[in-house]
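To start, the structure under review is shown below, and the notes come after it.
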Amino acid sequence: MSAAQHIETAAEPILTVRGVETFYGKIQALRGVDIDVNRGEIVTLIGANGAGKSTLMMTICGNPQARSGQIVYNGTDITTLPTHDIMSMSIAQSPEGRRIFPRMTVMENLQMGAILEDEKYFDDDLRKVFELFPRLKERRGQRGGTLSGGEQQMLAIGRALMSRPKLLLLDEPSLGLAPLVVKQIFEAIRELNINEGLTVFLVEQNAFHALRLAHRGYVMVNGSITMAGTGRELLAREEVRSAYLEGGAH
Amino acid sequence: MAEPTSAAANRPEGAERLSEDRRDAMRGEPPFVEAPSEDTRLVRSLKEAAITAGLVAVLTIFFFAFRTDIAVGGLQLSLDPMLWITWVAVAFAARFALSYFVFAGERPTVAGWKKVAASTRGWPVGKVFGVVLLLVALTLPILLSVFLPSQNRYLLDLAILILTYVMLGWGLNIVVGLAGLLDLGYVAFYAVGAYSFALLATNFDLGFWVCLPMAGLFAAMWGIVLGFPVLRLRGDYLAIVTLAFGEIIRIVLLNWYEFTGGPNGILGIPKPTLFGLEFSRGEGSFSDFFGLEYSTIQRFVFLYYIILALALLTNFVTMRMRKLPVGRAWEALREDEIACRSLGINTVNVKLTAFATGAMFGGFAGSFFATRQGFISPESFTFIESAIILAIVVLGGLGSQLGVVIASVVMIGGIELLRNLTGLQAIFGAGFDPTQYRMLIFGLAMVLIMVWKPRGLVSTRSPSAVYKEKKVIGADLVAQGEGH
């Protein structure tokens, strides 16, 4: 998708979350969450530990399912669909903790990402992933478990990209990585968004980097969205600065 | 502060310096290394051997030195020190040999092995070995009749037994090795296959070749029946349920007297035929048709080639499937189930296909077992069979096809070999019965293999996806127990 198209379709929502409530047993984790992700946008969700960010991500993926509310992807209600059906609808996820296959090689991991796709796209997609993360090409015969944390994160994103997604869900890609590597990863996400028009929904604790990268952002506290706005607006707001950025803006 | 010298300038400061010092110290500099002992190698080895012999003497005195016999008015205790002294002497000699030749060398013995390993690197040992094994397997009946005609029949029978376990091991390898689902009740599918064939053959007068696919299908169906309730289980919990499943099948076979014949089993299961030619004496038989002289060995050779073909089929299907999406999904499932689901893989289907495919091959092996024996009863399908098959898979190295073959030969062939170790009587006296020590030696061998090669005999796996060049991944790169 070219940049021009991306501007034309910017206001069209690809993912809509309305009044979603999710429970773990009796404990309510999400208390009526509303979120919109428009085509071609990078949207980020920030919040403290245990705010429910990952729960929202998992609820979008259908595990656990929302007890009430509605999640619509690309015009289809996916609220009650099983995970594997949701994930085969051009949504890809790089899950929390990366979850690459440790005993499989980098190549095999990437191949797993493309497992539901037509084989004819494989070579082309592989070339794109290797262009985006040249490190993965160097390490292609190595076991996933022997990669460094940053390389594993690249692999997790690369694996997600192999399924030719329109919407990429990223759960804390900066977790446990050195600042320089985080910068690389976020740079790659920006590139994907600009060059491929890929829509990205990013859950992050690293608020500074996430808000600088994102077009729009949401702030979650205790399972509810408390603030929303463009990345710049949120970065400028005093509440955000004091709660999430003090001492973290490096 | 004075200008530091260049050497000192390179030294880090503060905490880093401390940690570096500590690291240096760990590298084996004094005082962390034991003071080298004054003893020569001989004296040291003798000392260690003496300690070992003393331990063995204490530990085994009640088992070997004393004997209780039934006498008038109770038990009579008698002293029989010869066996005890023999064992102590064996322990002494073994420990001495180990200390003197292996442990106490100037350099660790391992280094030599590493050199050998390095010189053979880049040479596809596994592949060459596999091809040689295949050639031997294909020509075994001929080799045996040429080189060992006197024991031809016995060895061929043993080869058939080993191949049966190779096939079972390969079948279970799909479930345990590839999909990572620990199945302790695999023998259930073996039993289903055997009973399906036996019942179909005796009740409906069907032949082996008609029943074989049906038995496989029945077993696969039971694989799915087992698969459904255990979909949410993994690891220990899965093991318990599959164990129970294996026992349920056996107990049903034992108690459903009207259908299965209960403990009496099923008799008169027909032998397989070659395009309608029977392996018997007289008109219309194999030997009659080809104008050969009748010999019982012909039937053994035929059975041998059937099980070889079935085993090779199992291997072929497994190898093909590893390269297909479903096989790759099995392996991915073993690694990380959540990641699988996040890639859009339906884990329910993946698990069920693994169970069904593994069970199907178990069913094939079961029908072969039934036709070879001509008689089956629930006795043949106890838990120990599951345990042996699982041991073969684990000892061979989970997921390795070649490992299963080696482990089957070692385990099944080894058990047989130990039956015939009458030569040991020369050492331990005429009263020594090697069959009594069979399981002991067997257990010891398993412990040794697990100590020496904790990830199984063949612990490398070759990736199913390659980008230009192929690389074998060593198990030592990954922590033990990962990926289960």
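The chains referred to below are lettered A, B, ... by the order of the sequence lines, with proteins before strands, and numbering in each begins at 1. These numbers come from a predicted model, not from an experiment.
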If you look at every heavy atom in [X] and [Y], which pair is closest and at what distance?
X	Y	answer
Leu343(B)	Gly113(A)	CD2-CA, 4.0 Å
Ile100(A)	Asp336(B)	O-OD2, 4.5 Å
Arg328(B)	Met112(A)	O-SD, 3.6 Å
Phe101(A)	Ala332(B)	CE2-O, 3.4 Å
Glu335(B)	Met104(A)	OE1-N, 3.6 Å

So, the part of Asn109(A) with a heavy atom under 4.5 Å from chain B: the answer is neither

Would you say that more than 12 heavy atoms from the other residues, nucleotides or ligands in this model lie under 6.0 Å from the [atom1] of [X], or not?
X	atom1	value
Leu448(B)	CG	yes
Phe316(B)	CZ	no
Phe228(B)	CZ	no

Go through the steps for His84(A) and Thr347(B) under the test side-chain contact (heavy atoms from CB on, under 4.5 Å), then give the verdict. CA-CA 8 Å; His84(A) 58 89; Thr347(B) 49; 5.9 Å; no

Name, in order of residue number, those residues of residues 348-362 of chain B that have a heavy atom at a distance of less than 4.5 Å from a heavy atom in chain A; otherwise write 'none'. none

From Ser342(B) atom OG to Ile91(A) atom CD1, the distance as rounded to the nearest 0.5 Å: 11.5 Å

If you measure from OG1 on Thr83(A) to CD1 on Ile345(B), what distance do you get to the nearest 0.5 Å? 12.5 Å

Salt bridge (Lys or Arg N to Asp or Glu O under 4.0 Å) partners of residues 158-169 of chain A, not counting sequence neighbours, each pair once: Asp125(A)-Arg164(A)

What side chain to side chain donor-acceptor pair (under 3.5 Å) pairs are there with at least one residue in residues 171-186 of chain B, not counting sequence neighbours? Asn173(B)-Gln401(B)

Side chain to side chain contact (heavy atoms under 4.5 Å, CB included) against Cys61(A), all qualifying residues, sequence neighbours excluded: Met87(A), Gln93(A), Leu169(A)

